[in-house]
Amino acid sequence: MKQGSWQSQRPIARLNVTSIEFIDNGTALLGGTKDGVLWYCQLPDGQLRVFNFFKARICGIDILPTGTHALVSQQVGRAHLVAISQDENCGKVKQVYTVEPDLQADAVYDANALFVGPNDAVLYGSANGYLFARDKANAKVLCGLDHGQGCVVQAIGTHRGSGSMNDGGIVTGSRDGKLSWWAELVELTSSMEAMHVDKRVKTS
């Protein structure tokens, strides 16, 4: 049997990396650091470019399926929609998401922001047991996933449906040890009356 060998690659010298994602069909990396630097690295040459400085720890990155934008979550309770296409808008913040001022006293940001559903709503921020889904463009609340008063959401997992089938879903994990499974957010309105989304399974 022919023995393989490991070929050393150029190191990517960026200190205190806290989040990293593949972009551009796997030909580049988008990363964030403890001190709030959002950086881009072309593979395999390892050359770094700084896209933006956020001045606070970046704790999560999610990439829009089209590859044109990223959701950058910060420990200070904000998430940013950032353009990452290689054009004049690259690195620019297009929208900021945070819990509304009148709910800030009860706001929790343990779970990083994620795109969800066919319309790429943004799941981010919770208060009074609700995890909020927001319009990507204007940041307005579309609906809230009701986990119950006092429940703190700490993690979110999403799966997109296949085409016209509504087989996608959302799973949330809470501080009290429960997993909640939700139907995919297929049809959302901009009305605060639509505060409840179907919760199909809940188990501890």
Side-chain angles (χ1 to χ4, degrees), residues 1-76 78-98 109-125 133-139 155-165 167-171 184-186:
M1 182 175 68
K2 186 177 180 180
Q3 184 176 1
S5 61
W6 172 261
Q7 184 176 358
S8 173
Q9 299 293 319
R10 176 177 174 176
I12 299 172
R14 187 81 229 181
L15 297 177
N16 298 317
V17 173
T18 53
S19 186
I20 191 167
E21 291 286 341
F22 281 100
I23 61 172
D24 296 344
N25 295 316
T27 64
L29 299 173
L30 186 69
T33 70
K34 184 178 180 180
D35 52 356
V37 176
L38 182 68
W39 54 265
Y40 170 92
C41 175
Q42 188 72 41
L43 298 175
D45 59 20
Q47 292 183 356
L48 288 172
R49 291 172 52 196
V50 173
F51 272 8
N52 209 315
F53 293 95
F54 289 107
K55 300 181 181 179
R57 182 189 182 100
I58 293 173
C59 50
I61 296 173
D62 192 34
I63 308 299
L64 193 68
T66 60
T68 58
H69 293 78
L71 267 179
V72 180
S73 301
Q74 288 191 273
Q75 205 170 33
V76 292
R78 286 192 300 270
H80 306 264
L81 180 68
V82 182
I84 58 173
S85 295
Q86 301 299 312
D87 56 28
E88 67 276 5
N89 292 315
C90 187
K92 291 184 179 179
V93 174
K94 298 298 183 180
Q95 189 55 265
V96 179
Y97 311 95
T98 190
Y109 302 96
D110 287 10
N112 294 328
L114 290 177
F115 293 113
V116 63
N119 297 320
D120 299 312
V122 174
L123 277 179
Y124 186 61
R134 301 176 178 277
D135 186 282
K136 175 167 61 71
N138 60 30
I156 310 170
T158 64
H159 171 67
R160 289 178 178 269
S162 53
S164 60
M165 295 178 62
D167 57 352
I170 303 164
V171 174
E184 188 176 29
L185 307 183
V186 178

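For clarity, every value in this text was computed on a predicted model and none was experimentally measured. Along the sequence shown, the residues carry numbers beginning at 1. Atoms considered below: every heavy atom in the structure, side chains included; atoms not considered: hydrogens, waters and symmetry mates.
Every residue two or more places apart in sequence or in another chain that forms a ring pair (Phe, Tyr, Trp, His ring centres under 6.0 Å) with F54 is listed here: H80. Legend: residues meeting salt bridge (charged side-chain N to carboxylate O under 4.0 Å, His left out) with D135, ordered by chain and number and at least two apart, are absent.
F115 has its side chain within reach of L71: a pair of non-hydrogen atoms, C-beta onward, lies under 4.5 Å apart. In this structure the side chain of L43 never reaches within 4.5 angstrom of the side chain of T27, judged on heavy atoms. The shortest distance between side-chain heavy atoms of Y40 and Q86 falls below 4.5 Å. Annotation: side chain of F22 is in contact with side chain of L29 (closest heavy-atom distance under 4.5 Å). Put simply, the side chain of L64 reaches to within 4.5 Å of the side chain of K136, judged on heavy atoms. Within the 4.5 Å cutoff, no side-chain heavy atoms of W39 are placed close to those of N52. For the pair Q74/R57, no side-chain contact is recorded, criterion being any heavy-atom separation below 4.5 Å from C-beta on. Between I170 and L123, the closest side-chain pair of non-hydrogen atoms falls below 4.5 Å.
Interatomic distance, D87 CG to K92 NZ, rounded to the nearest 0.5 Å: 9.0 Å. Remark: I84 CD1 to L30 CG distance equals 5.5 Å, nearest 0.5 Å. The CD atom of Q95 lies 7.0 Å from the CG atom of N138; values are rounded to the nearest 0.5 Å. Put simply, CG on L114 and CD1 on I63 are 11.0 Å apart, with the number rounded to the nearest 0.5 Å. Within the model, atoms CZ of R49 and CG of L38 stand 11.0 Å from one another, a figure rounded to the nearest 0.5 Å. Atom SG of residue C41 and atom CG of residue D24 lie 11.0 Å apart, to the nearest 0.5 angstrom.
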From CA spacing to verdict: side chain to side chain contact (heavy atoms under 4.5 Å, CB included), L81, V93 = CA-CA 6 Å; L81 180 68; V93 174; over 6 Å; no

message = One pair to check against side chain to side chain contact (heavy atoms under 4.5 Å, CB included): N89 and K94. What are the steps and the verdict?
response = CA-CA 9 Å; N89 292 315; K94 298 298 183 180; 3.5 Å; yes

request  = Check the pair V37, F51 against side chain to side chain contact (heavy atoms under 4.5 Å, CB included), reporting the backbone distance first and the verdict last.
outcome  = CA-CA 8 Å; V37 176; F51 272 8; over 6 Å; no

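Using a distance-only test at 3.5 Å, with no hydrogens or angles considered, a donor-acceptor pair links the side chain of S19 to the main chain of I61. Side-chain N or O atoms of R78 include none that pairs as donor or acceptor with a backbone N or O of V72 at under 3.5 Å.
Counting all heavy atoms, side chain and backbone alike, I58 lies closest to G32 at CD1-CA, 3.8 Å. For the residue pair P65 and D120, the shortest heavy atom distance occurs at CD-OD1, 3.7 Å. The minimum heavy-atom distance linking S73 with A113 is given by the pair OG-N, 2.8 Å.
Judged by distance alone, the side chains of T33 and D35 do bring a donor and an acceptor atom under 3.5 Å apart.
Here Y124 and Y97 keep their ring centres 6.0 angstrom or further from each other.
The local environment of CG in N25 is sparse, with at most 12 non-hydrogen atoms from other residues, nucleotides or ligands closer than 6.0 Å.
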